[in-house]
Q: 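Just passing along the structure, written as structure tokens.
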Amino acid sequence: MIKAVRWILGKLILAYEWAFKPRKGPQRSEQEQQRVARETAGLSLYQLPACPFCVKVRFTESRLGLDIEKRNVKSNPQYMEELVQQGGVYKVPCLRIPREGEEDRWLYESSDIVDYLKRHYSISSQTNP
Ligand SMILES: N[C@@H](CCC(=O)N[C@@H](CS)C(=O)NCC(=O)O)C(=O)O
């Protein structure tokens, strides 16, 4: 019974995302778009397709016109292991942020991830991550 409810909820969440996810990002200059693409190429989002907190992050990603690699922790045991061993806890979403000369940063909490993405990739942003 619980499994069935979870299954239905998962489908509803996916349908919601399909219906309402922003389809278009902001207009950027060619140069700015290249900078954003370069910087986001190193990011990865550990996540699950039907997790509402992950949907929230994916909405922000779309709204900002970003393309971040998704790592499904249920379908790939290696991603799950990386998340738990290196991130420290099993919770999604988690944004993995590479840092030059330092260990990767593992950013948990959907609101913190959304803030991070907005801070670095909103159209007026000039800062580097
Ligand atoms: N406050 C967190 C909640 C994240 C959360 O509860 N994620 C669930 C999946 S929807 C999870 O990872 N649960 C596993 C666990 O807590 O052990 C956020 O906003 O990111």
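In this text the structure is predicted, and so the values were computed from the model without any measurement. Just so you know, residue 1 is the first one in the sequence shown, and it goes up from there.
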Q: Please enumerate all residues that pass side-chain contact (heavy atoms from CB on, under 4.5 Å) together with Arg23, with sequence neighbours excluded.
A: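 Residues passing side-chain contact (heavy atoms from CB on, under 4.5 Å) with Arg23: none at all.
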Q: Run the side-chain contact (heavy atoms from CB on, under 4.5 Å) test against Trp7 and tell me which residues pass, sequence neighbours left out.
A: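 Counting only residues at least two positions away or on another chain, Trp7 forms a side-chain contact (heavy atoms from CB on, under 4.5 Å) with Lys11.
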Q: With a 6.0 Å cut-off (strictly less than), is the heavy-atom count around CD of Glu103, excluding the residue itself, greater than 12?
A: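 Not more than 12 within 6.0 Å, no.
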Q: Give a yes or no on whether Asn76 atom CG has more than 12 heavy-atom contacts from other residues, nucleotides or ligands under 6.0 Å away.
A: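 More than 12 within 6.0 Å, yes.
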Q: How far apart are the closest heavy atoms of Asp104 and Pro98, and which atoms are they?
A: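 Looks like OD1-CA, 3.4 Å.
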Q: Could you give me the CA-CA distance, side-chain angles and deciding distance for Phe59 and Val55, then say whether side chain to side chain contact (heavy atoms under 4.5 Å, CB included) is met?
A: CA-CA 6 Å; Phe59 267 47; Val55 169; 3.5 Å; yes
Q: Do Phe53 and Leu107 sit in one hydrophobic cluster, given that two such residues count as connected whenever their side-chain heavy atoms are within less than 4.5 Å of each other, even indirectly?
A: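 Looking at the clustering, Leu107 is in a separate group from Phe53.
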Q: Answer with yes or no whether the hydrophobic clustering places Tyr116 together with Leu64; edges join I, L, V, M, F, W, Y residues whose side-chain heavy atoms lie under 4.5 Å apart.
A: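 The answer is yes; both residues are in one hydrophobic cluster.
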Q: Given a cutoff of under 4.5 Å between side-chain heavy atoms of I, L, V, M, F, W and Y, with clusters grown through shared members, what are the other residues clustered with Val92?
A: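 Tyr46, Leu48, Val73, Tyr79, Met80, Leu83, Val84, Val89, Tyr90, Trp106, Tyr108, listed by chain and number.
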Q: Would you mind listing the cluster partners of Leu14? Hydrophobic ones only (ILVMFWY), side-chain contacts under 4.5 Å, chaining allowed.
A: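 Traced through the cluster, Leu14 reaches no other member.
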Q: Name all pairs fulfilling the side-chain hydrogen bond (donor to acceptor under 3.5 Å, both in side chains) condition that reach into residues 54-64, sequence neighbours left out, sorted by first residue then second.
A: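 Residue pairs passing side-chain hydrogen bond (donor to acceptor under 3.5 Å, both in side chains), neighbours aside: Glu17-Arg58, Gln47-Arg58, Lys56-Ser110, Lys56-Ser111, Glu61-Lys70.
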Q: Please find the pair of heavy atoms, one from Leu45 and one from Pro93, that lie closest to each other, and give the distance.
A: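 Taking every non-hydrogen atom into account, CD1-CB, 4.0 Å.
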Q: Once you round to the nearest 0.5 Å, how far does SG of Cys51 lie from CG of Asn72?
A: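 The CG atom of Asn72 is 10.5 Å from SG of Cys51, to the nearest 0.5 Å.
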Q: How long is the straight-line distance from CD of Gln78 back to CD of Gln85, given to the nearest 0.5 Å?
A: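 Result: 11.0 Å between the selected atoms.
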Q: Roughly how far apart are Glu30 CD and Gln33 CD, rounded to 0.5 Å?
A: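 Separation between the atoms: 7.5 Å.
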Q: I'd like to know if Glu39 pairs up with Arg35 as an ion pair, taking the criterion as any Lys NZ or Arg NE/NH1/NH2 lying under 4.0 Å from an Asp or Glu carboxylate oxygen.
A: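 Between Arg35 and Glu39 there is a salt bridge, with a charged N closer than 4.0 Å to a carboxylate O.
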Q: Please examine the side chains of Leu43 and Leu66, heavy atoms only from C-beta on, and report whether any two atoms are closer than 4.5 Å.
A: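 Leu66 vs Leu43: side chains apart.
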Q: If you measure from OG on Ser44 to CD on Glu82, what distance do you get to the nearest 0.5 Å?
A: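 Answer rounded to 0.5 Å: 7.5 Å.
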Q: Quick one: list whatever passes side-chain contact (heavy atoms from CB on, under 4.5 Å) with Pro52, sequence neighbours left out.
A: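 Scan of Pro52 (side-chain contact (heavy atoms from CB on, under 4.5 Å), adjacent residues dropped) gives Ile13.
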Q: Would you say that Leu95 contacts Val57 through its side chain, given a criterion of any heavy-atom pair below 4.5 Å between the two side chains?
A: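 No. Closest side-chain heavy atoms not under 4.5 Å.
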